[in-house]
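One-based numbering along the sequence shown. Small disclaimer: the values here were computed from a predicted structure and weren't measured.
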Amino acid sequence: MSGPHLVQRVLPEWIDYNGHLSEAYYVLVFGFATDALMERAGMDAGYRERTGCSLYTVEAHVRYLREVPPEAELEVWTRVVSAGAKKVRVCHEMWLDGVLRATEEVMALHVDQVNGGTAPFPEEVLARLADGIAEAPDYAGRSIG
């Protein structure tokens with residue numbers, strides 16, 4: 001893909017008392033980026049309705065690197081770092097004006113919402129996820145501290 005995987009304008013109600021994007025809304029935008037990945041992989045609303053399956057984030061690590069001003073138009077780039085039978089590891093990068101503003105690393109499980117528990121990805125979904133696998137960025141896998 002030649003452009004960002006998600007473009008999102010910052011809404012006025014997302015601005016905090018310090019005059020920039022509140023921390024919760026970084027995570028919201030990254031959530032929208034995960035939704036966009038699901039769409040590209042074939043896990044859209046129809047898929048969720050047909051299969052009763054969806055992605056559930058089970059772990060996330062956010063790094064807040066630079067402030068995001070009001071009304072900014074953010075670009076989020078997403079890379080799949082690994083994809084297994086029932087889980088996917090993803091790294092999102094939030095950019096504005098050529099400056100990396102934040103990153104999020106996510107581990108998500110493919111969950112059967114009807115029967116409970118994890119479920120294997122269908123072959124075509126796993127193939128789409130695996131097709132986009134890229135090298136993990138240097139910040140991936142780090143712990144806090």
Side-chain angles (χ1 to χ4, degrees), residues 1-16 20-96 99-145:
M1 179 177 276
S2 61
H5 298 112
L6 175 77
V7 175
Q8 176 66 55
R9 178 155 308 272
V10 172
L11 301 179
E13 58 268 27
W14 297 356
I15 302 303
D16 67 11
H20 53 77
L21 188 63
S22 181
E23 69 181 86
Y25 293 101
Y26 285 81
V27 175
L28 178 71
V29 172
F30 285 136
F32 292 159
T34 298
D35 294 346
L37 172 65
M38 289 175 65
E39 294 281 330
R40 289 191 308 278
M43 292 181 281
D44 58 9
Y47 170 86
R48 294 187 300 274
E49 190 173 307
R50 275 190 322 279
T51 67
C53 293
S54 187
L55 277 186
Y56 282 29
T57 298
V58 294
E59 186 171 346
H61 182 182
V62 180
R63 296 183 320 142
Y64 303 93
L65 305 173
R66 302 283 182 276
E67 295 175 359
V68 172
E71 300 183 21
E73 189 165 291
L74 300 169
E75 295 181 349
V76 179
W77 294 80
T78 299
R79 70 176 97 179
V80 175
V81 174
S82 65
K86 299 178 183 182
K87 68 181 177 179
V88 62
R89 184 172 155 220
V90 175
C91 290
H92 298 300
E93 294 183 348
M94 181 184 293
W95 293 83
L96 176 63
V99 176
L100 183 60
R101 304 297 172 127
T103 67
E104 182 184 50
E105 181 179 7
V106 173
M107 179 65 69
L109 298 178
H110 188 243
V111 173
D112 183 332
Q113 299 176 48
V114 176
N115 298 310
T118 58
F121 288 110
E123 287 182 29
E124 65 276 7
V125 170
L126 185 56
R128 286 186 200 108
L129 291 170
D131 185 50
I133 289 178
E135 185 176 336
D138 62 352
Y139 59 81
R142 291 185 182 173
S143 62
I144 297 175

Taking side-chain hydrogen bond (donor to acceptor under 3.5 Å, both in side chains) as the test, write out the residues that go with [X], two or more places apart.
X: N115; answer: D112
X: Y47; answer: H110
X: R9; answer: E73
X: H92; answer: T34, T78

Applying ring pair (Phe, Tyr, Trp, His ring centres under 6.0 Å), can you list everything that pairs with Y25, at least two apart in sequence or on another chain? W14
Can you tell me which residue pairs pass the salt bridge (Lys or Arg N to Asp or Glu O under 4.0 Å) test with a partner in residues 43-71, sequence neighbours excluded? none
Could you list all the salt bridge (Lys or Arg N to Asp or Glu O under 4.0 Å) pairs where at least one residue sits in residues 83-96, not counting sequence neighbours? R79-E93, R89-E105
Please list all pairs meeting ring pair (Phe, Tyr, Trp, His ring centres under 6.0 Å) that have one or both residues in residues 126-145, counting only residues at least two apart or in different chains. none
E23 atom CD: more than 12 heavy-atom contacts under 6.0 Å: no
Pairwise side-chain contact, V10 with L74, heavy-atom cut-off 4.5 Å (strictly under): yes
Please tell me if the side chains of V88 and V80 come closer than 4.5 Å, counting only heavy atoms from C-beta onward. yes
Of the non-hydrogen atoms in [X] and [Y], which two are nearest, and what is the gap between them?
X: I15; Y: P70; result: CD1-CA, 3.5 Å
X: A33; Y: L6; result: N-CD2, 3.6 Å
X: L126; Y: A83; result: CD1-CB, 3.9 Å
X: L96; Y: A72; result: CD2-CB, 3.5 Å

Scan for side-chain hydrogen bond (donor to acceptor under 3.5 Å, both in side chains) pairs involving residues 118-132, sequence neighbours excluded, and state none if there are none. none
For [X], side-chain contact (heavy atoms from CB on, under 4.5 Å) partners two or more places apart:
X: V58; result: M107, L109
X: Y56; result: S54, V111, Q113
X: A127; result: none

Is there a side chain to side chain contact (heavy atoms under 4.5 Å, CB included) between L65 and R101 once you walk through the steps? CA-CA 5 Å; L65 305 173; R101 304 297 172 127; 5.9 Å; no
Are L129 and L37 close enough, and set up right, to give a side chain to side chain contact (heavy atoms under 4.5 Å, CB included), and what steps lead you there? CA-CA 9 Å; L129 291 170; L37 172 65; 4.3 Å; yes
Backbone N/O of R142 and side chain of H61: donor-acceptor pair under 3.5 Å: yes
Atom pair OG1/CH2 of T103 and W95 - distance to nearest 0.5 Å: 10.5 Å
Going through the checks in order, is the side chain to side chain contact (heavy atoms under 4.5 Å, CB included) test met by F121 and L55? CA-CA 10 Å; F121 288 110; L55 277 186; 3.9 Å; yes
